[in-house]
Amino acid sequence: MKNTSAHALLNVFHANGIDRVFLVPGESYLGVLDALLDFPQIDTVVCRHEGGAGYMAVADGRLTGRPGVAMVSRGPGASNAAIAVHTAQQDGVPLILLVGQIPRRDLRREAFQEIDYQKMFGSIAKWVFEATEPQQLAEAAYKAIRVATSGAPGPVVLVIPEDIQQQRVDQPQWKLTPHAPALPDPDTLAALEQQLHQAKRPLIIAGGVFERPGGRAALNNFAQAWGIPVAISFRRQDIFPQTNPLYAGELGLATSPAQLEAFQESDLILALGTRLGDVTTQGYTFPVLPRPEQTLVHCYPDDHVVGLHYTADYGLVCDPVQLVKAITPNTAPAIPPERAAWSQRLAHIHDGHAAWPTRATSQGIDFSKVVRSVSEQAPSDAAICVDAGTFAAPVYRYFRFRADQRLMSPLSGAMGYGTPAAVAHALRHPDKKTICMVGDGGFMMTGNEMIAAVQYRLPIVFILSNNNCYASIRINQERAYPGRVSGTSLLNPDFRAMADAFGIRAVTLHHDVDIDQVIGDALAADGPMFIEVRTDLSSVLPELA
């Protein structure tokens, strides 16, 4: 049969460009698994853990702008995938989590593996829907795509009881029509242009909405035309080239006091495509709440976001990509000398903050030296997929992302993201080099998913920082409770032997002198490669009196 309710759901997915799903199989959605056989256009990626499947779907959604799709079974499967729902919500990424459910007759009887998913996901998902009739599956899939991609993108959870997946139903192929991008009225656009002419020290804070196709170019053209420096929001390093003289740094976890002090002197803030969350605003201190000292333009395509924390002089619920295109002049205006000096000053401060460190180590390698080698040797279109952890700090602070390089990193700080994200990127872009940087803690959470790199022969370079520690927690522990180590030390396996067992060529780095050669060889490999870096924990711990 090819006219079941499961087929109807997948027909809608296919009609809207969803061409890949990530899953761990379960008996609660066998009907959907069976229907997938009739959709060769939809690539089915079988994963080893629901957390890995969810992370892959989150990464795929970020890469395509379409909802990434993860399919899991009820109860334990959905619980394991919950981390992906939270990550998608925090990162603003479209995601559909499809959960098989117990039969309808047993709902709300505390049956085997039953969970009320509205209660479980209601506070982090944009929409949670539990179908009760076969005819609802196609309509639910259609709405899920719209909700996940509209406004602030985010996660949707579809719950499908096992006994409504194989009934005969109509087979619609509804295709979503994107909303027409809105723009402010002509008077508001004229007022904005007047602000841009008058500002002496303007600053753009650019967010993740510019990740969409054409967004980066539009942002670059706008900043160049008006001569405005660009600070990127938390972990969005790849939306504006850091080789551009107008790049002013990241508003993230390591913004220096000198940078922040200078940013405070701005007279016009253009917050474009950013939610102005707590990290980007440095704990809601820049700009100051609730009424900034600067003229504030806040543009985001969701009325919940604009005005949520800050009162903007120009609160614009519209597409920031279209906005900057509308106010980018065909002929660049003359840049006032004071503005040019302002841009140069911010660039100078950032250059000092982003100068590569030259620390000496005694017990292993300073991982920033590995990051530097990758930065210098990586192809111009490489993707850097980063897990959560202290090892990643040099990527955010020092790595100079070029125009076509991409950063895949969890804004939510979720450990275990790196390996699945690298697999998702390499599946989507097998012609580009994917570089995964992960700590020993995060790798042991989802490192099993690297078997996909072997199965599909994906050109991923896995670089693991091994310091036998949950280092980011240890750093905070040492600050709060000096010398009292509890719960942060790790006994690790032989990572090189593990990679060998997976069928991945592996090497271990012990000495600085070998870094460039090993990184170069890995980047030249046509299949996956694994590098374990024996890193020095003392190089990242705080210096205590």
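For reference, positions follow the sequence shown, starting with 1.
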Would the distance check show the side chain of [X] and the main-chain N or O of [Y] forming a donor-acceptor pair, the cut-off being under 3.5 Å?
{"X": "His49", "Y": "Asn448", "result": "no"}
{"X": "Asp512", "Y": "Ile365", "result": "no"}
{"X": "Lys433", "Y": "Leu523", "result": "yes"}
{"X": "Glu162", "Y": "Tyr29", "result": "no"}
{"X": "Lys126", "Y": "Ala148", "result": "no"}
{"X": "Asn466", "Y": "Asn468", "result": "yes"}
{"X": "Ser233", "Y": "Ala206", "result": "yes"}
{"X": "Thr255", "Y": "Glu250", "result": "yes"}
{"X": "Glu532", "Y": "Leu509", "result": "no"}
{"X": "Glu50", "Y": "Ala70", "result": "no"}

**Message:** side-chain hydrogen bond (donor to acceptor under 3.5 Å, both in side chains), that's the test. Do Thr361 and Ser539 meet it? Break it down for me.
**Reply:** CA-CA 7 Å; Thr361 57; Ser539 67; over 6 Å; no
Taking the side chain as everything from C-beta on, heavy atoms only, tell me whether [X] gets closer than 4.5 Å to [Y].
{"X": "Leu203", "Y": "Leu346", "result": "yes"}
{"X": "Cys47", "Y": "Met56", "result": "yes"}
{"X": "Glu130", "Y": "Ile160", "result": "no"}
{"X": "Ile269", "Y": "Pro287", "result": "yes"}
{"X": "Phe401", "Y": "Phe240", "result": "no"}
{"X": "Ser266", "Y": "Phe286", "result": "yes"}
{"X": "Leu458", "Y": "Val423", "result": "yes"}
{"X": "Pro67", "Y": "Val156", "result": "no"}

Nearest non-hydrogen partners of [X] and [Y], listed with the distance:
{"X": "Ala59", "Y": "Ala424", "result": "CB-CB, 3.8 Å"}
{"X": "His309", "Y": "Leu276", "result": "CD2-O, 4.0 Å"}
{"X": "Glu27", "Y": "Ser73", "result": "N-OG, 4.2 Å"}
{"X": "Met498", "Y": "Pro493", "result": "CE-CG, 3.7 Å"}
{"X": "Leu427", "Y": "Pro430", "result": "O-CD, 3.6 Å"}
{"X": "Tyr398", "Y": "Ala354", "result": "CD2-O, 3.3 Å"}

Between [Y] and [X], is there a salt bridge with N-O shorter than 4.0 Å?
{"X": "Glu376", "Y": "Arg400", "value": "no"}
{"X": "Arg406", "Y": "Glu211", "value": "no"}
{"X": "Asp238", "Y": "Arg216", "value": "yes"}
{"X": "Asp381", "Y": "Lys432", "value": "no"}
{"X": "Glu114", "Y": "Arg108", "value": "yes"}

Atom pair [atom1]/[atom2] of [X] and [Y] - distance to nearest 0.5 Å:
{"X": "Ile96", "Y": "Arg66", "atom1": "CD1", "atom2": "CZ", "answer": "11.5 Å"}
{"X": "Thr44", "Y": "Leu36", "atom1": "OG1", "atom2": "CG", "answer": "4.5 Å"}
{"X": "Thr243", "Y": "Gln405", "atom1": "OG1", "atom2": "CD", "answer": "9.0 Å"}
{"X": "Ile460", "Y": "His425", "atom1": "CD1", "atom2": "NE2", "answer": "9.5 Å"}
{"X": "Arg74", "Y": "Phe112", "atom1": "CZ", "atom2": "CZ", "answer": "6.0 Å"}
{"X": "Ile504", "Y": "Ile531", "atom1": "CD1", "atom2": "CD1", "answer": "12.0 Å"}

**Message:** Ring centres under 6.0 Å, that's the criterion: do His350 and Tyr247 meet it?
**Reply:**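 So the answer is yes for these two rings.
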**Prompt:** Would Phe530 and Phe443 count as a close aromatic pair, with their ring centres under 6.0 Å?
**Reply:**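 Here the rings of Phe443 and Phe530 have centres that are less than 6.0 Å from each other.
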**Prompt:** What do the steps show when you test Val279 against Leu251 for side chain to side chain contact (heavy atoms under 4.5 Å, CB included), and what is the final call?
**Reply:** CA-CA 7 Å; Val279 179; Leu251 281 161; over 6 Å; no
**Asked** With under 30° as parallel and over 60° as perpendicular, where do the rings of Tyr117 and Phe121 fit, or are they tilted in between?
**Response**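 Ring orientation of Tyr117 relative to Phe121: parallel.
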**Prompt:** Mind checking whether Phe367 and Phe391 have parallel, tilted or perpendicular rings, split at 30° and 60°?
**Reply:**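 Ring orientation, 0 to 90° scale: perpendicular.
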**Within 6.0 Å of CD in Glu261, more than 12 heavy atoms from elsewhere** =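 No.
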**Message:** Looking at Arg359, I want to see if its CZ is surrounded by more than 12 non-hydrogen atoms of other residues, nucleotides or ligands under 6.0 Å.
**Reply:**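 Counting neighbours around CZ of Arg359, more than 12 heavy atoms of other residues, nucleotides or ligands fall under 6.0 Å, so yes.
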**With Ile519, the side chain to side chain contact (heavy atoms under 4.5 Å, CB included) member among Ile435, Val371, Val461, Ile463** =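 The passing option is Ile463.
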**Request:** Could you please spell out the steps behind the side chain to side chain contact (heavy atoms under 4.5 Å, CB included) verdict for Thr419 and Asp387?
**Result:** CA-CA 7 Å; Thr419 301; Asp387 208 279; 5.5 Å; no
**Item:** Working for side-chain hydrogen bond (donor to acceptor under 3.5 Å, both in side chains), residues Asp516 and Ser373
**Value:** CA-CA 6 Å; Asp516 287 343; Ser373 183; 2.8 Å; yes
**Prompt:** Would Tyr417 and Thr446 count as having a side-chain donor-acceptor pair, cut-off 3.5 Å?
**Reply:**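 Judged by distance alone, the side chains do not pair up.
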**Request:** In sequence, state the C-alpha distance, the side-chain angles, and the governing distance for Asn467 and Asp440, and then conclude on side chain to side chain contact (heavy atoms under 4.5 Å, CB included).
**Result:** CA-CA 7 Å; Asn467 54 22; Asp440 46 353; 3.6 Å; yes
**Asked** What do the steps show when you test Tyr300 against Thr274 for side chain to side chain contact (heavy atoms under 4.5 Å, CB included), and what is the final call?
**Response** CA-CA 7 Å; Tyr300 198 86; Thr274 171; 5.7 Å; no
